[in-house]
Amino acid sequence: MNNIYRENILEHYKNPLNHEEMADATVDFEDTNPVCGDEIHFWVKIDDDGKIKRATFKGRGCAISQASASMLTETVEGMTVEEVEELGADEIRELLGVPLSPIRLKCALLGLKVLQGALLKYKGEQVNKR
Amino acid sequence: MPSDKKVQGSLNFHKKMAFKICVVAQMDQLSIENIRKDFPILSRKVRNNVPLIYLDNAATTQKPKQVVDAIADYYLRYNANVHRGIHALSEEASEKYEEAHLKVAKFLNAKFQEVIFTKNTTEGLNIVAHGMYDRLERDDEIVVTRMEHHSNIVPFQVLARKTGAKLKFIELDKFETLNLESAEKVITDRTKLVSIPHMSNVLGTINPVKDIVDIAKAHGSLVLLDGAQSVPHLPVDFADLGVDFLAFSGHKMLAPMGIGGLIGKEEVLEDFEPLLYGGEMIKYVDYERATWNDLPWKFEAGTPNVGGGIGLGVAIDYLSNIGMERVHKMERELTKYTMERFSELDFVQIYGPPSEYRGGVVSFNVFNDDGELIHPHDVSTILDEHGIAIRAGHHCAQPLMRAMSIPATNRVSFYIYNNYEEVDKTVEVLKEVKALFS
């Protein structure tokens with residue numbers, strides 16, 4: 001029973017990592033899933049060689065969307081922008097390690113979608129600077 | 001010695017009594033457990049091999065064997081297109097398809113020519129919205145309510161935008177019932193159409209249709225009733241309600257998906273523009289122009305869903321056999337019991353009016369020990385692991401959810417085959433949900 005709600009997911013949900021605004025973030029981005037009303041806001045600090053120095057988030061929603069965002073902040077630390085852009089559903093499934101139905105997968109992917117949105121915004125800003 | 005006449009009268013009386021007793025006995029046999037036997041799906045196991053508890057009936061109901069058999073019988077024995085072939089199968093199919101219209105007409109107290117088969121409630125609402133295009137002028141008004149399903153808002157938003165008409169809303173009291181004073185204010189002489197749901201799919205509220213009809217008619221407006229949640233669950237009398245249109249879906253009342261109905265007053269339908277044009281809906285066609293067929297066929301262009309229509313007819317037989325008063329009573333008692341059981345749980349909040357104002361729908365949220373909302377997706381996922389199927393989300397009523405300042409709700413909704421044990425089991429799992437997230 002309670003396959004989805006393994007200890008680690010509930011732990012991330014109840015005590016999410018990096019759950020705060022970041023004052024000196026390079027970029028931030030916010031999005032919602034209108035279907036269930038979940039909201040996630042990501043802040044990302046990117047260093048000069050294009051690596052994620054730190055990612056933080058705040059949001060509200062179901063355990064899956066919030067735990068997934070929490071895990072992501074840990075995972076992407078030290079990755080390059082391009083590496084994060086290549087993450088997809090398979091990586092998120094692996095990260096959560098629980099079976100996800102198509103509808104719940106959308107919850108799980110919200111964090112990644114917002115994070116990648118932030119990186120897209122960052123790249124746009126970089127282009128405009130040039 | 002009694003006269004022959006008296007003997008005959010007495011015999012008739014006893015025959016009638018015997019018949020009555022027989023009917024009562026039959027009714028008793030139609031207990032929930034007997035009804036359940038007609039629904040093979042209810043005895044299947046789901047997920048971790050647990051029995052299915054199906055509490056998502058406002059979304060769609062399960063189908064009894066009788067309905068599925070009737071559809072299979074049509075496809076296996078007399079499948080043919082209707083209203084054209086001069087051959088045995090086509091005649092049989094046409095006869096059964098028309099008979100299904102007649103069953104709907106009787107069930108809802110409408111005339112045969114007032115019964116249009118559609119694919120669902122949404123199509124019915126769209127037929128009305130489309131027919132209103134040439135009846136609206138700039139600054140005319142369309143009135144709906146704050147408890148609307150998306151299907152009863154979006155077609156009228158578009159209609160208003162294209163015609164320059166205004167879309168106005170009847171307000172709610174405490175997010176429970178329609179505010180009739182608001183209705184009196186909002187409906188004016190410029191109102192050309194008032195569209196309300198008979199029963200809210202979120203709050204469960206059964207609305208005072210006749211009061212709204214009285215107000216609308218005093219201003220000469222047409223009235224459209226969204227019966228998606230009422231026609232399957234309560235006795236609905238089209239003629240008595242006095243509305244001009246009534247839309248409903250078959251799949252929410254034991255029939256298959258893809259069949260539903262729009263009932264329209266004959267005199268209104270006569271000069272109402274159809275939504276679809278093509279075969280079947282015409283009488284005389286020239287290269288330049290065409291004339292429309294008689295009602296109801298004028299509104300059923302193209303090859304219709306014959307099998308679905310026949311299935312709907314048998315679903316209506318099934319419900320009529322139980323009796324809609326009884327269906328309503330069974331559901332009301334189960335809803336009352338559910339609200340009582342949920343009220344025992346201090347971490348559960350129920351939305352909508354008291355049980356006497358509602359049908360078999362209960363929307364609610366669950367909170368953890370810190371008073372934080374446990375997201376409905378998490379609640380329904382855990383219920384699902386126990387085989388309990390409920391709906392979680394905004395129930396196609398995003399504006400209402402936003403007005404209530406909640407992201408979503410959980411919703412249990414009942415039908416004739418749901419029993420008290422299923423509610424008890426749900427209550428037990430809700431306790432588990434709270435514990436897990438606290």
Side-chain angles (χ1 to χ4, degrees), chain A residues 1-17 19-20 30-41 57-72 89 92-93 95-114, chain B residues 45-51 56 59 150 202 365-411 425 428-438:
Chain A
M1 282 293 167
N2 301 327
N3 270 331
I4 281 197
Y5 300 101
R6 292 213 183 119
E7 207 51 49
N8 67 325
I9 288 187
L10 282 177
E11 188 49 40
H12 274 278
Y13 173 62
K14 288 176 188 170
N15 303 301
L17 302 171
H19 195 245
E20 58 187 6
E30 184 180 17
D31 206 356
T32 58
N33 178 353
V35 174
C36 50
D38 285 3
E39 301 168 359
I40 287 182
H41 193 145
F57 85 103
K58 291 204 88 165
R60 61 175 202 159
C62 68
I64 300 298
S65 72
Q66 303 302 306
S68 157
S70 166
M71 290 173 175
L72 258 182
I92 296 295
R93 277 184 200 276
L95 196 61
L96 289 164
V98 293
L100 289 170
S101 66
I103 291 210
R104 297 317 304 270
L105 184 64
K106 278 191 193 141
C107 307
L109 288 175
L110 179 63
L112 180 63
K113 198 179 123 196
V114 176
Chain B
K45 303 269 170 61
V46 290
R47 299 297 181 199
N48 310 302
N49 209 28
V50 288
D56 194 16
H150 295 161
V202 178
N365 267 319
V366 186
F367 295 82
N368 69 11
D369 282 344
D370 298 328
E372 293 161 344
L373 180 117
I374 304 173
H375 197 283
H377 276 187
D378 293 323
V379 177
S380 64
T381 298
I382 293 170
L383 286 165
D384 176 53
E385 283 170 354
H386 288 83
I388 303 170
I390 68 159
R391 175 83 188 265
H394 52 56
H395 318 294
C396 296
Q398 287 181 26
L400 177 62
M401 294 282 126
R402 268 193 293 275
M404 292 170 78
S405 302
I406 43 175
T409 74
N410 306 282
R411 181 187 71 188
K425 174 75 185 167
E428 289 316 305
V429 179
L430 288 179
K431 290 179 186 165
E432 217 173 280
V433 170
K434 202 251 322 189
L436 192 66
F437 281 88
S438 291

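What you see is a predicted model; the values in this text were computed from it and never measured.
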Could you go through residues 57-65 of chain A and list every donor-acceptor pair under 3.5 Å that involves a side-chain atom there, pairing it with any protein atom two or more places apart or in another chain?
from: S65(A); atom 1: OG; to: D38(A); atom 2: OD2; distance (Å): 3.1
from: S65(A); atom 1: OG; to: C62(A); atom 2: O; distance (Å): 3.1

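- Looking at L373(B), the atoms closer than 4.5 Å to chain A (heavy atoms on both sides) all sit in the backbone: N, CA, C or O.
- Identified under the salt bridge (Lys or Arg N to Asp or Glu O under 4.0 Å) test for residues 387-403 of chain B, with sequence neighbours left out: none.
- Counting heavy atoms of neighbouring residues, nucleotides and ligands inside a 6.0 Å radius, atom NZ of K434(B) exceeds 12 of them.
- Contacts between E372(B) and chain A at a heavy-atom distance below 4.5 Å are absent for every atom of the residue.
- Only the backbone of S438(B) comes within contact range of chain A, with heavy atoms under 4.5 Å apart.
- The shortest side-chain heavy-atom distance between L96(A) and S68(A) falls under the 4.5 Å cut-off.
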